[in-house]
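Step one of this worksheet: look at the structure below.
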Amino acid sequence: SSCSGTKKPTVCEADQFKCTNKQCISASQVCNNVQDCEDASDENGCHKSPQNAVNCSVGNGGCEHNCTDLPSGGFYCSCNNSGFAVSKEDSKTCDDVDECASWGNKCPQQCLNIKGSFKCQCWKEFVDTGTKGL
């Protein structure tokens, strides 16, 4: 027997936002005080301020990874890849996502969580015929 598997990444349209769970929603639905992503990632990184007092041009808005200015004022923090999620505690830092636990077992045999990603491993006496994760 062998250990293998691949999955194509989700690609959203240019006018869409990719939720942490890879769901695509309209960009206009981000930071609208309505949970449009099933995992609420469209609202978790929101920072609204009166008269656009704070934006991404000042210290990246305080965001650890990515900062996006909102047309209606304020900004949105997001993380570099799906291996990280915006912290629910401060909505500016990025926490590691345990893909092995939160998305079920994506690997055919063993799943090892690593910072920002995951790695599939084979049980003893099995051969890795491809890569998944890293």
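In this text, all values refer to a predicted model and were calculated from it rather than measured experimentally.
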Going by atom types only, do Asn44 and Asp39 share a side-chain donor-acceptor pair under 3.5 Å?
-> no
So if you build clusters from Ile, Leu, Val, Met, Phe, Trp, Tyr with side-chain heavy-atom gaps below 4.5 Å, do Leu70 and Ile25 land together?
-> yes
Find the distance between SG (Cys19) and CD (Gln35) and round it off to the nearest 0.5 Å.
-> 9.5 Å
Taking every non-hydrogen atom, the tightest pair across Gln109 and Trp123 = OE1-N, 2.8 Å
With a 4.5 Å heavy-atom cut-off, do Asn113 and Glu99 have their side chains touching?
-> yes
Would you please name every residue forming a side chain to side chain donor-acceptor pair (under 3.5 Å) with Asn32, sequence neighbours left out?
-> Asp36
Exercise: do Asp90 and Thr93 side chains pair donor with acceptor under 3.5 Å | yes
Shortest non-hydrogen pair, Cys56 vs Asp69, comes out as N-OD1, 2.9 Å
Ser91 versus His47: any side-chain heavy-atom pair under 4.5 Å?
-> yes
Indicate yes or no: at least one non-hydrogen side-chain atom of Cys63 is less than 4.5 angstrom from one of Phe75.
-> yes
Report yes or no: is the SG-SG distance between Cys24 and Cys12 under 2.5 Å?
-> yes
Give, for atom CD of Gln23 and atom NZ of Lys18, the distance between the pair rounded to the nearest 0.5 Å.
-> 12.0 Å
Output, in order, the C-alpha distance, side-chain angles, deciding distance and verdict of disulfide bond (SG atoms under 2.5 Å apart) for Cys94 and Cys79.
-> CA-CA 6 Å; Cys94 294; Cys79 301; 2.2 Å; yes
Donor + acceptor pair across side chains of His65, Ser78 (<3.5 Å) = no
So how far is it from Ser87 OG to Glu64 CD, rounded to the nearest 0.5 Å?
-> 9.0 Å
How long is the span from the SG atom in Cys37 to the CG atom in Asn21, to the nearest 0.5 Å?
-> 6.5 Å
Would a 4.5 Å heavy-atom cut-off, applied to side chains only, mark Asp96 and Ile114 as touching?
-> no
Should the SG-SG distance of Cys46 and Cys31 be recorded as below 2.5 Å?
-> yes
Using 30° and 60° as the class limits, which term best fits the ring planes of Tyr76 and Phe17: parallel, tilted or perpendicular?
-> perpendicular
